[in-house]
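Only a predicted model underlies this, so the values are computations on that prediction, with no experimental measurement involved. Convention: sequence-line order gives letters A, B, ...; per-chain numbering from 1.
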Protein chains: 2
Amino acid sequence: MDVKVLIKEAKDSVISQTAEYALRAIIYLAEQPDESRNNREVAQETKVPLNYLAKVLQCLARNGIIVSQRGAKGGFKLARGPEAISVYDVIQAVDPLHRITSCPLELEQHRDHLCPLHRRLDDAMALVEKSFRETSISELIEPVLQIG
Amino acid sequence: MDVKVLIKEAKDSVISQTAEYALRAIIYLAEQPDESRNNREVAQETKVPLNYLAKVLQCLARNGIIVSQRGAKGGFKLARGPEAISVYDVIQAVDPLHRITSCPLELEQHRDHLCPLHRRLDDAMALVEKSFRETSISELIEPVLQIG
DNA sequence: ATTAAATAGGATAATTATGTCCGAATTGAT
DNA sequence: ATCAATTCGGACATAATTATCCTATTTAAT
């Protein structure tokens with residue numbers, strides 16, 4: 001029984017809900033080459049709440065991951081090829097991972113090196129960061145299953 | 001500029017604040033062999049909010065990571081040697097990592113396998129989990145600096 | 001037995017993250 | 001020029017997480 005249960009309910013992942021939404025949207029756009037897709041359509045296909053997705057897409061556009069087009073026939077499309085966008089790029093745009101650069105306890109002895117705990121925690125984050133940097137969106141497009 | 005900035009302020013790590021507090025407390029107890037330390041003392045030394053720490057310690061005790069002793073001269077101490085407690089044990093007690101076992105989109109095609117995105121995200125979590133399982137609390141005790 | 005020190009645990013408050021709504025601005029089509 | 005489709009962006013609402021407070025219960029010491 002964890003603290004959350006003591007108090008309420010919970011779920012956890014290595015990325016936030018927001019980052020997950022952003023990735024789903026980007027992958028969907030990557031599957032639709034060139035054509036702009038609008039917020040409503042992306043929301044439907046990715047099952048992300050419509051109005052929240054609008055914010056997320058806005059943010060991705062501001063960060064140059066996608067380009068937006070207002071007005072009739074407007075929508076969003078990738079700013080560059082999916083092989084040139086990493087999972088890391090998407091996450092950093094929307095909800096950046098922060099590496100640990102100093103011990104939160106701010107002990108004098110830890111001024112210029114992390115204590116063993118934060119060294120380890122940051123190492124774990126480094127692993128995750130590396131994995132995300134090395135994965136491009138093009139690798140995450142669902143292979144279409146062929147019958148035969 | 002990320003979504004959070006659009007809306008508010010933020011910070012992120014691979015573990016929750018609660019899990020970080022639990023680890024600090026456990027490491028502190030590991031540095032004090034055998035003797036019980038009370039909540040007040042642990043809170044001071046680890047800079048964790050007193051009343052919140054009480055919950056966290058309670059939870060660790062319920063999960064058999066530490067043992068609590070009520071009454072005068074009471075307090076908390078490790079239930080077993082620090083080499084026999086992993087970072088993973090502590091985190092799972094307090095704020096468990098959940099591996100991804102099914103695609104949140106719940107597409108029919110993903111019934112028995114994860115889609116590429118969630119496959120990757122879970123792989124990243126597996127790395128983190130492995131790293132935490134392999135690290136024992138005894139490895140995180142601050143080496144005392146000697147002059148000379 | 002009494003007392004003081006300490007944990008246990010429920011209720012509640014504050015903060016942060018997630019999600020909604022709506023009007024303004026932009027733009028393609030007619 | 002007007003209209004309809006669409007993003008933009010601010011304000012607001014809800015939910016989850018983190019933090020505090022208060023009282024009850026347990027227990028060692030005297």
Item to check | Partners passing salt bridge (charged side-chain N to carboxylate O under 4.0 Å, His left out) against E41(B) (at least two apart in sequence or in another chain) | outcome: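 Salt bridge (charged side-chain N to carboxylate O under 4.0 Å, His left out) check on E41(B) returns R37(B).
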Item to check | Evaluation steps, side chain to side chain donor-acceptor pair (under 3.5 Å), between T135(B) and Y88(B) | outcome: CA-CA 8 Å; T135(B) 307; Y88(B) 182 78; over 6 Å; no
Any [X] side-chain heavy atom under 4.5 Å of [Y] side chain:
X       : Y       : answer
S86(A)  : E134(A) : no
I26(B)  : I65(B)  : yes
R119(A) : D122(A) : yes

Between [N] ([atom2]) and [X] ([atom1]): distance, integer Å:
X      : N       : atom1 : atom2 : result
R37(A) : dT6(D)  : CZ    : P     : 12 Å
L50(A) : dC22(C) : CG    : C1'   : 13 Å
K77(A) : dT6(D)  : NZ    : C1'   : 15 Å
R40(B) : dA5(C)  : CZ    : P     : 9 Å
Q58(B) : dT20(D) : CD    : P     : 16 Å
K55(B) : dT18(D) : NZ    : P     : 15 Å
N39(A) : dG9(D)  : CG    : C1'   : 14 Å
L57(B) : dT18(D) : CG    : P     : 16 Å

Checklist entry - Between the two end axes of the helix from dA1(C)-dT30(D) to dT30(C)-dA1(D), each built from 5 base pairs, what angle do you get to the nearest 10°? => result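 For the helix from dA1(C)-dT30(D) to dT30(C)-dA1(D), the axes at opposite ends meet at about 10°.
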Checklist entry - Closest heavy-atom contact between R24(A) and V48(A)? => result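 Looking at all heavy atoms of both residues, the closest pair is NH1-CG2, 4.1 Å.
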Next on the checklist: For G74(B) versus N38(B), what's the shortest heavy-atom pair and its separation?
Outcome noted: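 So the minimum-distance heavy-atom pair works out to O-CB, 4.1 Å.
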Checklist entry - Taking OP1 and OP2 of dC21(C), is either one under 4.0 Å from a side-chain nitrogen or oxygen of Y52(A)? => result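 For dC21(C), neither OP1 nor OP2 has a side-chain N or O of Y52(A) closer than 4.0 Å.
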Item to check | Under-4.0 Å side-chain N/O to phosphate OP1/OP2 contact, N51(B) with dA19(D) | outcome: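 For dA19(D), OP1/OP2 do not have a side-chain N/O of N51(B) under 4.0 Å.
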Checklist entry - Going by heavy atoms closer than 4.0 Å, what residues in residues 65-73 of chain A are next to DNA chain C? => result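 The answer is Q69(A), R70(A), G71(A), A72(A).
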Checklist entry - Which one, dT18(D), dG9(C), dG19(C), comes nearest to the side chain of Q17(A)? => result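 It is dG19(C).
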Next on the checklist: Assess the residue pair R80(B) and D89(B) against the criterion (salt bridge (charged side-chain N to carboxylate O under 4.0 Å, His left out)); give the C-alpha distance rounded to whole Å, side-chain angles, the decisive distance to 0.1 Å, and a yes or no.
Outcome noted: CA-CA 12 Å; R80(B) 52 186 189 275; D89(B) 294 335; 3.4 Å; yes
Item to check | Verdict with reasoning, E35(B) to K77(B), per salt bridge (charged side-chain N to carboxylate O under 4.0 Å, His left out) | outcome: CA-CA 7 Å; E35(B) 303 172 64; K77(B) 64 182 179 189; over 6 Å; no
